[in-house]
Structures are given as structure tokens and as C-alpha cells.
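Notes to accompany the following structure.
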Amino acid sequence: MKAVVYRGARNLGIENRDPEPPGHGQVRIEVAYTGICGTDLHIYHGDMDARVGDSAIIGHEMSGRIAAVGEGVTGWTVGQPVTVMPTRPCGRCAACQRGNSHVCHAMNFLGIDSPGAMQSSWTVPVELVLPLPEELPLDHAALVEPVAVAVHDVRRGNVTADDQVVVVGGGPVGVLIATVARSRGARVLLVEPDPFRREVAEGIGIEAVDPRSTDVVALVNDRTDGAGADIAFEVSGSPAGVTTAVDVLTTRGRLVMVAIHPQPREVNLHRFFWRELELLGARLYQRDDMVEAIRLVASGAIPAEQLISRIEPVEGAGAAFAALEGGGVMKVLLDVREGNQ
């Protein structure tokens, strides 16, 4: 089988490896497509070497079909389309004991802490596998994991019909949050300076504005009779994005922090006090989020075709990562099916 392996900063290799036969409680999956996300880019840049070892197989957004089942596995059939929830909590830490295993303090995240999905054959514990509808195209199904992130974020914000929602940051996760919020009946405004990202958002019916030429706070206040937005999602990872997300909120509005900010940010805490605002963290997802993500992708509520900008063969992994770095793309997938290289 072919596998994409990490060999150090900006150095990816393609290796031929033997498939791992499934052991007790495991299944082997013939992977079809693997998505590349921001975390994979951080790995590629060498930012996660403390967790990602040399010659590690990366990637965690995927779709495929079961190729073999191990001893003790029931209810699954060879050829069945599936995806994987790539998180293995410890079950012992304080978070797990309190029912929050998705933020386990000792999480084994597949594709970071253990072998991931950028391989044509992937053997995983069966409890991480979720079934896909047979009619769902497997390239579209590779978006389920990032959609689950958006579903979890929207649930954390408790978005309901007619809420005024502002999403700050129009990368893949920001656009997916906007799409999921819209599916709940919210009125959504996306804030993004990059013209390509705005064009993609507008192409799927999401209003997008450039914060460099639009007074976002004034626009939201005008549309809400001066009240402000009910929920804001900070997905940009920038200081300006934090400021915008705070300033647009109504009294008792909710700010959901989605972006990973690598350093402390200045936040207007007086506004939190004055308007009784709430700040909510949002990280990863739970199994129910994955199930809902499958439903949304399969129903067409997530316009997967318009969001997938490029599909590269596994041999083109370097070009795929370069495309994400260069911009002008939304989601980029690797086709890792055997025989397609």
C-alpha cells in the first residue's frame, strides 16, 4: 500500500508499506480520500514534532470502505462505506470521568499521536468507525470530520432559528460553521478579507463582507436595530478578529472561540462585564456531532462539490500541501485509492 509519511519540516515522503491485518476488535479500511486540514499544515511546518514522530503517517479526515474485519467484530461487512472518528480518549482523566472525553487530557489523536489516514489501507479500532450511506460519494464523505467540528461549534453556541450570527474568518471551518448555522435557520454574516474565500462563500449563498472596507459592527447594528449579534464565532486566529467578534455582540451574546490562538490576546473584558457576554471554548467533537455531520453532508445541506477545490493523487501530496499554503483553494483532498496512483 502507499502511505504519506512525515520526515521533518516541509518533507513528505511516499512509502510502500504492508497493510496491517486487523486484530481483535479492529477493522481494516481501504481508504478512498483523505482531506488536508490546518492541523496537517502545522505538522508539515514542523510545529508539532513533539507529538509527531519521524516517518509518521498523518491525516485524519477520510472516507473509505471496510476491507477486512478482525476477530470479535460483528455488524460490519466488507465493502461497507465508512468514516472514522479519529480520537481515542484515555477514559481515566478528569475530563473523561465527567463525560467530556472529546477533550481528554491524554487524547490519542489518530494522524498525530498514532498512524493516520493518509494511506491506502488503515487499521483502526472498530469503535471509532461510523457507517456512511451507500449513495454518498466518497469524496464528499471526506468532509464529514471537518463538518463535525462545525456542528460541535454551532451546538456550543446554541444557535437557533432567527439568531443573528457573525462568523469571523472564512477558511474551511468558518465557511462550514456558517453553513451549519444557516441550516438551523440563523441569519449569517461571514467576515473575511480574502476575496477567494468570500467568493466561495457567496457562491453557496452565504453573505460575506471584507472587514477592510466594511464597518462590520455598524452593519450588524443597523440590521438588528442597534442590538448586535446573538452569537459570534472567532475562527480567524487574529487579534483583529477577536476584537470584531467581541464588539458585534448583543447584551448577553455568546462568543465561541474556535480558532487556535498560539499566544495570549488582548480582550475587552469591560465589554464582557457591561453586556454580560459569555465566552465559550469549542474543541473537536463528540460522536453525535459526527452522526449529524454525516446527515448534513448526505442531505446536501453541506455543498461539498463547491467546497472541494482540488483532488490530488497520493503521489501529489507535496503539491496538495503547497496549494493550501498558497491560497486560492478551500478543501484539498488526496485520492489514496490503490490503483489510482
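Along the sequence shown, the residues carry numbers beginning at 1.
Taking the side chain as every heavy atom from C-beta outward, V173 and D153 approach each other to under 4.5 Å. Between L255 and L277 there is no side-chain heavy-atom pair separated by less than 4.5 Å. Counting heavy atoms from C-beta on, the side chains of V180 and I302 come closer than 4.5 Å. Two residues are said to be in side-chain contact when any heavy atoms from C-beta on lie closer than 4.5 Å; E325 and L41 meet this criterion. Counting heavy atoms from C-beta outward, R275 and L249 have side chains that stay 4.5 Å or more apart. At least one side-chain heavy atom of S55 sits less than 4.5 Å from a side-chain heavy atom of R17.
Heavy-atom contacts from other residues, nucleotides or ligands closer than 6.0 Å to CG of D18 number 12 or fewer. With a 6.0 Å radius and a threshold of 12 heavy atoms from other residues, nucleotides or ligands, R51 has its CZ atom above the threshold. Heavy-atom neighbours of E202 CD from other residues, nucleotides or ligands within 6.0 Å: above the threshold of 12. Environment of CD in E266: sparse, with no more than 12 heavy atoms of neighbouring residues, nucleotides or ligands closer than 6.0 Å.
The heavy-atom pair separating A232 from V248 by the smallest distance is CB-CG2, 4.0 Å. Nearest heavy atom pair, residue G91 against residue C96, reads N-SG, 3.3 Å. Heavy-atom minimum distance, T244 versus V168: CG2-CG2, 4.2 Å. The two atoms that bring P133 and I294 nearest to each other are CD-CG2, 3.7 Å, heavy atoms only. Considering all non-hydrogen atoms of both residues, I206 and A178 come closest at CD1-CB, 3.7 Å.
Cluster annotation: V256 is connected to V188 through the hydrophobic network of ILVMFWY side chains, with a link wherever side-chain heavy atoms come within less than 4.5 Å. Under the 4.5 Å side-chain heavy-atom criterion for Ile, Leu, Val, Met, Phe, Trp and Tyr, V159 and V167 are members of the same hydrophobic cluster. One hydrophobic cluster holds both L333 and L324 under the rule that ILVMFWY side chains link at heavy-atom gaps under 4.5 Å. Linking ILVMFWY residues whenever their side-chain heavy atoms come closer than 4.5 Å, directly or via other members, places V27 and M290 in the same cluster. Cluster membership for L190 and V209, using ILVMFWY side-chain heavy atoms within less than 4.5 angstrom, is not shared.
Atom CD1 of I231 and atom CG of N158 lie 7.0 Å apart (nearest 0.5 Å).
By the side chain to side chain contact (heavy atoms under 4.5 Å, CB included) test, A319 pairs with R310, E312, sequence neighbours left out.
Side-chain contact of S236 with E234: a donor-acceptor pair under 3.5 Å is present, judged by distance alone.
Only one option out of R155, R156, R283, R295 pairs with D289 in a salt bridge (Lys or Arg N to Asp or Glu O under 4.0 Å); it is R155.
The aromatic rings of Y44 and F321 are tilted relative to each other, their planes meeting at an angle between 30° and 60°. Aromatic ring orientation, H42 versus H45: perpendicular (interplanar angle above 60°, classes split at 30° and 60°).
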Please test K2 against V336 for side chain to side chain contact (heavy atoms under 4.5 Å, CB included), starting from the C-alpha separation and ending with a verdict. CA-CA 7 Å; K2 293 283 178 66; V336 297; over 6 Å; no
E278/R254 under salt bridge (charged side-chain N to carboxylate O under 4.0 Å, His left out): CA gap, chis, key distance, verdict: CA-CA 5 Å; E278 295 180 58; R254 299 181 294 281; 5.1 Å; no
Stepwise side chain to side chain contact (heavy atoms under 4.5 Å, CB included) test for N268 and T243: CA-CA 8 Å; N268 184 353; T243 299; over 6 Å; no
Verdict with supporting geometry, E338 and S120, side-chain hydrogen bond (donor to acceptor under 3.5 Å, both in side chains): CA-CA 6 Å; E338 280 294 336; S120 50; 2.6 Å; yes
For L296 and V144, run side chain to side chain contact (heavy atoms under 4.5 Å, CB included): C-alpha distance rounded to whole Å, both residues' side-chain angles, the deciding distance at 0.1 Å, then the answer. CA-CA 9 Å; L296 288 171; V144 164; over 6 Å; no
Worked verdict on E15 versus R7 for salt bridge (charged side-chain N to carboxylate O under 4.0 Å, His left out): CA-CA 11 Å; E15 294 185 4; R7 293 176 176 166; 3.2 Å; yes
Run the side chain to side chain contact (heavy atoms under 4.5 Å, CB included) test on L307 and I204 for me, step by step, so that the C-alpha distance in whole Å, both residues' side-chain angles and the decisive distance to 0.1 Å come before the verdict. CA-CA 9 Å; L307 296 177; I204 59 173; 4.1 Å; yes
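Using a 4.0 Å cut-off between a side-chain N of Lys or Arg and a carboxylate O of Asp or Glu, R65 and E134 qualify as a salt bridge.
Panel note: side chain E145, backbone A142; no donor-acceptor pair is recorded below 3.5 Å.
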